[in-house]
Amino acid sequence: MNLIWKYLRPHWKLACLAPLCVLLEVWAELEQPDLMAVIVDRGILGGEPDVVTPTGIKMVVIMIIGVVGGILSIYAAGRVAYRFGADLRSDLYSRISRFSFSDVDRLEAPSLITRMGDDVNRVQQVIQASMRLLFRAPFMFVGAVVMSFMIDTNVSVVLLALMLCSFVFVIRIMRSSLPLFVDQQRKRDGFVSVVQEILVGVRVTKAYTNEDVESRKFNSVNANLLDSTIKVSRHMSFMMPFVSFALNAGIIAVIYFGAGEIEADRMKVGGIMATINYLAQIQMALMMASHVILSITQAEASVNRLREVLDTPTEAESDERLRDGSTPLPYSPGDVVFDNVSFSYDGNRHQLDGVSFNLHRGETLAILGETGSGKTTLVNLIPRYYDPSSGSISIDGKPLTSIDRRELQSKVAMVMQHSLLFSGTIRDNMRMGKPDATDDEIMAACDAAQMGDHIRSLADGLDHVLDQGATNLSGGQKQRLCIARTLLTRPDVLILDDSFCSLDLLTEKKIKMELDKLTMTKIIVAQRISSIRNANQILMLRNGQVEACGTHDELMNSCETYRETFRAQTGLSNSNSGKEALS
Amino acid sequence: MRNPMAQRPHIGGTPEKARSNRKTLLRLLPYWKEHWLLMTGLLLCSVASVGVTLAAPYLIGRTIDDCISVTDGISIDYPLMSMYLFALAVIYVLGSLASWAQEFGMTWVSQQIVAKLRRQMMDHLVNLDVNYYDTNSRGDILSRFSNDAELVKDGMGQALIQVVTTVVSMIGMITTMIVLSPSLTGLVCLSIPLVLLLTRIIVRRSRRFFDRQQVALGKMNSVVEESINGLRVIRSLGREEDWRLSFEKANTEMRLSGTKAQINSGLLMPMLRVLDNFTYILVAVVGGMMALQGALTVGTIQSFLLYTRNFLRPVNMIATQMNSLQSAFAGAERVFDMLDVVPKIMDKKDAVNPSADVKGHVVFDHVQFGYTPEKQILKDVSFTALPGQVVAIVGGTGAGKTTLMNLLSRFYDVDGGRILLDGVDVRDYGITYLRDSMAVVLQEPILFTDTVQNNICYGDPARHSLEEAQESARLAMAESFIERLPHGYETVLLRQGENISHGQKQLLTIARAIHSRAPILVLDEATSNIDTHTELLLQKAIDNLTAGKTCFMIAHRLSTIRGADLILVMEHGQIVEQGTHDELLAKGGVYKGIYDAQFDVA
């Protein structure tokens, strides 16, 4: 609720206008049956024909007032709801884009995208609907009851009792339907994820001719969904017939008791007609309100999911806390030092355990190790995508936590394992590395990444448009573009996290030769020893710990695992290097 | 009586139109026919509930006229009134029952129909060619299952019955009203064209804004999706501000067009209410005057007023419900389009299904192939793999290595030449027999949301005991990591196996391949993401496994293929060199170049 107030408050004037206009609308609607009664009772039955036309004109005027109220309230509600949505989305986006990666991991990217989309939409729609309908029901209820009491007390008491009865009934049905709706949503999610999985795994399914296995899997979620949907509709199907029956019972009661009142001369025929009309209006308002209430309860889950995002601190906020309020130091290039660094994603299992090394400016560090040995984790700590659980990392003798994070991240560039490009032209993508890059600069970087020839072979060159996810490029081409993009940023520290895995050996070698020409500090995560033989230091990681560290020759002499790896990769035995064996 | 929220006319963007409504309707008919008995009952129910909406106002009018006499002092005929009211109560009860039966019954039928449609879609889909999956995006296929099917459901259920009952009740109402008073009926009918015109104008006006909002929404969604998924890259390149600005632009655009669409479409209800009330007042005033002249009774005015309330609302409902029907037809058409796709790769009538396993003698005989006619991927590929041989395929990206394997397992059929397995063209085998003879490990390790055990046994679901799964895991060297998982073989892999590492996933896909015991093994770059330590183990596993089997391996690392019996070097869809490692090295050609690069000897 706090969240909703917070975002409604800036638009409070418009937000108040909506219910006020609804009040006007309700008043106009309630006046009509009363005036109708005047026409019937005084005009027709009372023998005063002169009242008919003026009363008719009065009705038209009141109606127009009501319609103006209605239009204004729709206008106000629509405007407020859309402003609310836009403000909320804007806040969410700017927060999410400043979240730490551990928070992004925790909340999961697809879920964040859904929150920005569906969840905000749901809340926005509910706000729009409830600004009108939620106010309409009580206004209408109170107004109609007052009006009918003014016509006749006894009939109104019966009426009120009937209304309360159906009100209680509607609320009960609504409340008991909630778990059914939740269940239906869950079944629907399950259905979608099974279809998705079947689509993703279709090659495997076909290769093992398990089509019937997948069909069975699908049929069971399909049947579950059907089941749950039918349960919901069975439950809800009682509501409308019951409510309309209650309304009709009300009509019968009004006529029956009304007849008595007419006989006793406490009421007139027109009064009966007016009361019947009030009845119908109350019922309509009640139904609409109950649907809004249902959607409010359903939207509660969305509000909670949004609140979780808004309550997560951004990186800058947590940095502030880390530095105890002192101003961040400027970044300057220098040696990268790891001092007894440990890291754990979940607090239980250590991905890194007591890692120390000292990398001088301009040197190349290579990191080798098995899957899960902590290579990617280690490099992610350098641009502070994550902070170590214990130990410290420093550049130029300054601890990373004291350096301005944005400056650090703009100077420490990383090419990730999975290539990610954006929809747009190749030039747009390259300019993400350097916004003011000229075509010559871009082509130079692409040449270094061995992508220049391919771009030149394209009819539209740098204007070539990439789809979302760059599905129109091969894995190797994407990887090369990512490397080129990072080279454009001219970083002080270049991190390549297994960035050659989709490249063939010749291309990889050419890129390596280009990289050797550059003087920046380089950290290369690799699988193949051949690609990192010349590194100043080679770090062997095993289960998050440093197993050995040294140059190729040192490790060949001192480290059994390294020797074994080298042998396995080259198929050469009993030799210090591949070169000798080949010559 | 229906859900009042549904009764509010919903205006959206321009509805998509089906190419042929008639054809689609004809194809949908059999689905209804299955429930014809129920459907007939439902139709009767809807006629009954329409009857109630007609009879009740009439009866109320009569009650007021016949039982309450005000001419000479007020007197009420209680016995007659009780009779009338009792009749009214009976009619109402029947009406409520009928409308309940009709509402629930219709929803039930439409849900059954859609569930059946979905079942048919999936049964058909899993048997479609791989080509279908390659040429249609997952999102598109998925939306046929969820969105299009939902559209059909809404159209078939709510919209259809609403249109039918509305038409029936309008005809009934007009008839009754004409009988009661032709002149007042004329007055009420005057507003029909106005309602239609107004609805048309407003719907058309707001549709423009809805379409614009849809475009803005799409733009915003793609900005959000790309930037959140690519947050790491954006941050490492320091481009957050640019993205935030483009988000804000899309967000504002969306707010503006959305507000306009809402406000414009929101006009419809109050405007209709104007007409509604105006007619109501007109009836009251004109009716009142007529009553004064004695041409009409008060009860008739009351009946008319109730009819007027019930009469005008449905007119605009039809317009909006027609949109819903329109979308349902378009959705149904997309569903049928998918059901109409005929798989090209099917068993021949006289398909060979030998009882014994294949030996694994594979011959590619002048094979030509392209995914599209314009672009040839394989140009005249020929080679022979003898039973038990290990064939390694090397070459750059796009050389056609994966295509080779797609053809072998008949994911695609050759355009020219032929592929022989044990001397028989692969197209002459039964597909199940052919594919069961092969175990495939794909480039991307794909696992299912299921237990580790079931994922391994997927290779051959007939053998699914724990012991058998353990045996396959042991051979794939996956045993030790599986046992360290929280629930061992019972551990459920989450979405695409996100709770285990990439290398571990690959080990599981290899275990799955081993489990299938197929005589032919296809490994597509399977080893390229496994670390050296695991690869050492894996190498041993593959050595054991390949004994007696024909094995095709696509790999970048030469160390893993040094022991191959035959190495195919591919370039631009052709085999440029083939032979053993030593032969090819001695030749000093393309292979030697790649080999040298591997060992940094230039």
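Chain letters run A, B, ... following the sequence lines, proteins first and then strands; every chain starts at 1. It should be emphasised that the depicted structure is a prediction, and the values quoted were computed from it without experimental measurement. The basis for the numbers below is simple: all heavy atoms, side chains too, and nothing from hydrogens, waters or symmetry mates.
Residue A439(B) touches chain A through both its backbone and its side chain, counting heavy-atom pairs closer than 4.5 Å. Residue contact with chain A, scored on non-hydrogen atoms closer than 4.5 Å, involves the side chain of E240(B) exclusively. Neither the backbone nor the side chain of D460(B) comes within contact range of chain A; no heavy atom of the residue lies under 4.5 Å from a heavy atom of that chain. At a 4.5 Å heavy-atom cutoff, I64(A) makes no contact with chain B through either its backbone or its side chain. Both the backbone and the side chain of F145(B) come within less than 4.5 Å of a heavy atom of chain A. Interface residue T432(B): backbone and side-chain heavy atoms are both found under 4.5 Å from chain A. Only the side chain of E29(A) has a heavy atom closer than 4.5 Å to any heavy atom of chain B. No part of V522(B) comes within reach of chain A, as not one of its non-hydrogen atoms sits under 4.5 angstrom from that chain. For a residue to count as touching a neighbouring chain, one of its non-hydrogen atoms must lie under 4.5 Å from one of that chain's; by this rule M81(B) touches chain A with the side chain only. Of the two parts of I198(A), only the side chain, counted from C-beta on, holds a non-hydrogen atom closer than 4.5 Å to a non-hydrogen atom of chain B.
Note on ring orientation: taking the six-membered ring where Trp is involved, the planes of Y256(A) and Y78(B) are perpendicular (angle over 60°, cut-offs 30° and 60°). In this pair, W100(B) and F238(A) present their aromatic rings parallel. The plane angle is below 30°, not in the 30 to 60° band.
The neighbour count for M271(B) CE, taken as heavy atoms of other residues, nucleotides or ligands under 6.0 Å away, does not exceed 12.
Contact check for I251(A) versus I60(B): side-chain heavy atoms found under the 4.5 Å cut-off. Residues I252(A) and Y92(B) are in side-chain contact: their nearest non-hydrogen atoms beyond the backbone lie under 4.5 Å apart. Considering only heavy atoms from C-beta on, V213(A) comes within 4.5 Å of P461(B) through its side chain. Within the 4.5 Å cutoff, no side-chain heavy atoms of I74(A) are placed close to those of Q262(B). No side-chain heavy atom of T107(B) sits under 4.5 Å from any side-chain heavy atom of M236(A). The shortest side-chain heavy-atom distance between L125(B) and L199(A) falls under the 4.5 Å cut-off. Side-chain contact check for V204(A) versus F448(B): some heavy-atom pair is nearer than 4.5 Å.
Applying the salt bridge (charged side-chain N to carboxylate O under 4.0 Å, His left out) rule to R203(A) yields the partners D134(B); only residues at least two apart in sequence or on another chain are considered. Taking F245(A) as the reference, nothing meets the ring pair (Phe, Tyr, Trp, His ring centres under 6.0 Å) condition, with sequence neighbours excluded.
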* Any chance you could lay out the side chain to side chain contact (heavy atoms under 4.5 Å, CB included) test for V202(A) and V130(B), step after step, and finish with the verdict? => CA-CA 8 Å; V202(A) 66; V130(B) 170; 5.8 Å; no
* side-chain hydrogen bond (donor to acceptor under 3.5 Å, both in side chains) between Y458(B) and T205(A), intermediate numbers included -> CA-CA 9 Å; Y458(B) 199 82; T205(A) 305; 3.1 Å; yes
* Step-by-step side chain to side chain contact (heavy atoms under 4.5 Å, CB included) determination, Y93(A) to M220(B) -> CA-CA 11 Å; Y93(A) 184 86; M220(B) 193 185 76; over 6 Å; no
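Listed for the S96(B) side chain is a donor-acceptor partner under 3.5 Å among the backbone atoms of P241(A). Side chain of E197(A) to main chain of T449(B): a donor-acceptor pair is present (N/O by atom type, distance under 3.5 Å, no hydrogens or angles). Judged purely by atom type and a 3.5 angstrom limit, Y208(A) uses its side chain to pair as donor or acceptor with the backbone of V440(B).
To the nearest 0.5 Å, atom CD1 of residue I39(A) and atom CD1 of residue I301(B) are 8.5 Å apart. Rounded to the nearest 0.5 Å, atoms CD1 (I263(B)) and CD1 (I71(A)) are 11.0 Å apart. If you take CG on N222(A) and CZ on R119(B), they are separated by 6.5 Å, rounding to the nearest 0.5 Å. For the atom pair OG1 (T252(B)) and CZ (R89(A)), the distance works out to 11.0 Å, reported to the nearest 0.5 Å. Here R83(A) contributes atom CZ and T259(B) contributes atom OG1; the two are 7.5 Å apart, rounded to the nearest 0.5 Å. Atom CZ of F191(A) and atom CZ of R118(B) lie 4.0 Å apart (nearest 0.5 Å).
Scanning all heavy atoms of the two residues, the minimum distance from D123(B) to S215(A) falls at OD1-OG, 3.1 Å.
Note on C482(A), A77(A), S97(A), G85(A): by heavy-atom pairs under 4.5 Å with chain B, the leading option is S97(A). Ranked by heavy-atom pairs under 4.5 Å with chain A, the list A291(B), G288(B), G258(B), G287(B) is led by G258(B).
The cationic atom of K206(A) (NZ for Lys, CZ for Arg) does not lie both less than 6.0 Å from the six-membered ring centre of Y133(B) and within 45° of the ring axis.
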